[in-house]
Amino acid sequence: MISFEEGWEREPKGKKRKKDYKLMKVERYVFDDLTLQTLYKLAQRRIITGIGGPISTGKESIVFHAIGGSAAGSGEVREVGDETQEKRQREVAVKIYKVSTSNFKAMLEYILGDPRFENVKKDRRSVVFTWARKEFKNLKRAFRAGVSVPAPIAYEKNVLVMDFIGREGIPAPRLRDVPEEILRPHAQHIFERILANVKVLYEKAGLVHADLSEFNILLDFKMEGGEEERGSEGITASALSSARPVLIDMGQAVLTSHPKAMDFLQRDLRNIVAFFQKLGLNLSHEDVCKEILP
């Protein structure tokens with residue numbers, strides 16, 4: 001975990017900076033000075049106090065586990081004797097979009113046609129910065145509508161800070177990664193909760209996810225039971241009965257007024273139906289569409 005409490009200063013140009021092992025490890029993923037400066041600015045704003053290792057990597061971004069600062073909200077508290085102590089600092093996720101390698105032309109498909117971003121410049125850096133702002137706005141809109149998404153906290157340039165879905169640095173598993181033998185008995189319940197979130201996202205938030213699949217849904221649950229009750233991924237069967245599906249990767253989500261919104265919604269529903277059909281549910285794409293578009 002890299003701490004920002006003592007500052008993160010750059011050496012003047014022309015001088016070789018001394019880097020400790022941890023800093024080198026982080027910079028290997030963060031890539032450039034722009035991102036380091038952005039992280040330091042977020043630390044100055046008391047959004048984050050330290051950043052750990054990566055928990056998710058993708059073509060366009062890397063997500064790190066981090067500790068939130070005072071401006072990110074407090075952690076859980078517990079009573080210890082006659083005193084109340086902080087149980088843990090708030091865990092946050094820091095999503096860093098890759099400026100130098102992002103497919104910004106593909107990003108434009110989901111930005112153009114959105115009146116919130118009419119004046120975006122079409123160079124790589126501007127598109128990536130807009131993408132971070134877009135995901136923040138989409139998360140905020142969805143969260144306020146009651147959709148199960150990570151709570152957005154802040155964004156700055158190519159960095160987005162949001163609530164961490166998981167516990168003690170261990171992220172909640174993606175739907176895709178839950179062992180089938182554990183997931184199958186709870187498939188109907190989980191499917192219904194996902195569909196309910198898609199419906200609220202559409203009706204109340206006025207958004208379509210536009211890239212929904214088993215890869216972009218986390219299952220948040222409390223770890224219970226002994227080792228003998230847990231599956232190969234450390235998930236108890238009983239925990240899934242109350243698991244909360246969380247929709248993630250909201251950067252590409254579009255307003256329902258977007259020219260391609262209906263095409264994206266149909267694709268989202270086809271992906272989810274296909275996944276749960278493999279788990280034995282008797283579903284049809286047409287019937288599921290009627291749940292969202294009666």
Side-chain angles (χ1 to χ4, degrees), residues 8 10 13 26-45 47-48 51 54 56-64 66 71-72 92-145 147 149-162 201-202 205-212 216 247-265 267-268:
W8 193 339
R10 300 173 60 201
K13 290 184 178 180
V26 170
E27 286 195 346
R28 188 172 62 203
Y29 293 100
V30 173
F31 304 119
D32 56 25
D33 285 342
L34 167 69
T35 302
L36 293 173
Q37 292 170 27
T38 303
L39 291 171
Y40 185 50
K41 187 173 182 178
L42 288 167
Q44 289 180 310
R45 291 168 54 191
I47 301 297
I48 58 175
I51 186 168
S56 174
T57 60
K59 294 179 181 179
E60 313 298 341
S61 63
I62 300 176
V63 182
F64 293 85
V92 299
V94 175
K95 189 171 188 177
I96 299 175
Y97 300 89
K98 305 173 185 177
V99 176
S100 60
T101 60
S102 288
N103 187 350
F104 71 102
K105 291 183 179 179
M107 290 177 168
L108 274 173
E109 179 184 6
Y110 300 93
I111 295 175
L112 297 178
D114 191 323
R116 297 174 297 174
F117 311 101
E118 287 182 340
N119 300 319
V120 60
K121 296 179 181 179
K122 295 179 176 60
D123 63 279
R124 183 186 302 274
R125 179 173 292 193
S126 296
V127 170
V128 173
F129 287 5
T130 300
W131 192 264
R133 181 161 60 100
K134 184 171 185 277
E135 179 154 18
F136 178 83
K137 285 182 173 291
N138 286 343
L139 283 172
K140 192 172 183 179
R141 191 174 180 130
F143 187 78
R144 287 180 171 176
V147 183
V149 296
I153 297 172
Y155 76 93
E156 182 73 31
K157 294 182 179 178
N158 64 318
V159 178
L160 170 66
V161 183
M162 56 193 157
L201 184 68
Y202 181 82
L207 291 171
V208 173
H209 187 283
D211 192 28
L212 193 63
N216 290 332
L247 310 189
I248 60 171
D249 291 339
M250 296 287 292
Q252 73 293 318
V254 299
L255 298 173
T256 53
S257 59
H258 190 280
K260 294 186 177 181
M262 289 302 100
D263 292 337
F264 293 150
L265 178 61
R267 185 176 66 190
D268 286 351

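- When atom types are taken as modelled, the side chain of Arg267 and the backbone of Asp211 share no donor-acceptor pair closer than 3.5 angstrom.
- Ring geometry, Tyr110 versus Trp131: the interplanar angle exceeds 60°, so the pair is classed perpendicular (tilted spans 30 to 60°).
- In terms of heavy atoms, Ala154 sits closest to Arg45 at CB-NH2, 4.1 Å.
- A side-chain contact (heavy atoms from CB on, under 4.5 Å) with Val94 is found for one member of Leu160, Ile48, Ile153 and no other, namely Ile48.
- In this structure, the side chain of Asn216 does not engage the main chain of Asp249 through any donor-acceptor pair within 3.5 Å.
- Among all heavy-atom pairs drawn from Phe64 and Pro54, the shortest one is CD2-N, 3.6 Å.
- Phe129 has its side chain within reach of Asn158: a pair of non-hydrogen atoms, C-beta onward, lies under 4.5 Å apart.
- Side-chain contact between Arg125 and Leu34 is present, with heavy atoms from C-beta onward closer than 4.5 Å.
- One finds a salt bridge joining Asp114 and Arg116 here, because a Lys/Arg side-chain nitrogen approaches an Asp/Glu carboxylate oxygen to under 4.0 Å.
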Dump the intermediate steps for side chain to side chain contact (heavy atoms under 4.5 Å, CB included) on Val161 and Tyr155, then the final yes or no. CA-CA 6 Å; Val161 183; Tyr155 76 93; over 6 Å; no
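- Thr38 has its side chain out of reach of Ile96: every pair of non-hydrogen atoms, C-beta onward, lies at least 4.5 Å apart.
- The two residues His209 and Ile248 have their closest heavy-atom pair at NE2-O, 2.8 Å.
- With hydrogens and angles ignored, the 3.5 Å screen pairs no side-chain donor or acceptor of Lys41 with any backbone N or O of Leu36.
- In this structure, the side chains of Glu109 and Lys260 come closer than 4.5 Å at one or more pairs of heavy atoms.
- Residues Lys95 and Tyr97 form a side-chain contact, since some pair of their non-hydrogen atoms from C-beta on lies under 4.5 Å apart.
- Looking only at side-chain heavy atoms (C-beta outward), Met162 and Val92 stay at 4.5 Å or farther from each other.
- The heavy-atom pair separating Phe117 from Lys137 by the smallest distance is CZ-CD, 3.9 Å.
- Taking each heavy atom of Ala66 and Ile51 in turn, the nearest pair found is CB-CA, 4.0 Å.
- Checked options His258, Glu118, Lys122; the residue passing with Leu112 is Lys122 (criterion: side-chain contact (heavy atoms from CB on, under 4.5 Å)).
- Side-chain N or O atoms of Asn138 include one that pairs as donor or acceptor with a backbone N or O of Ala253 at under 3.5 Å.
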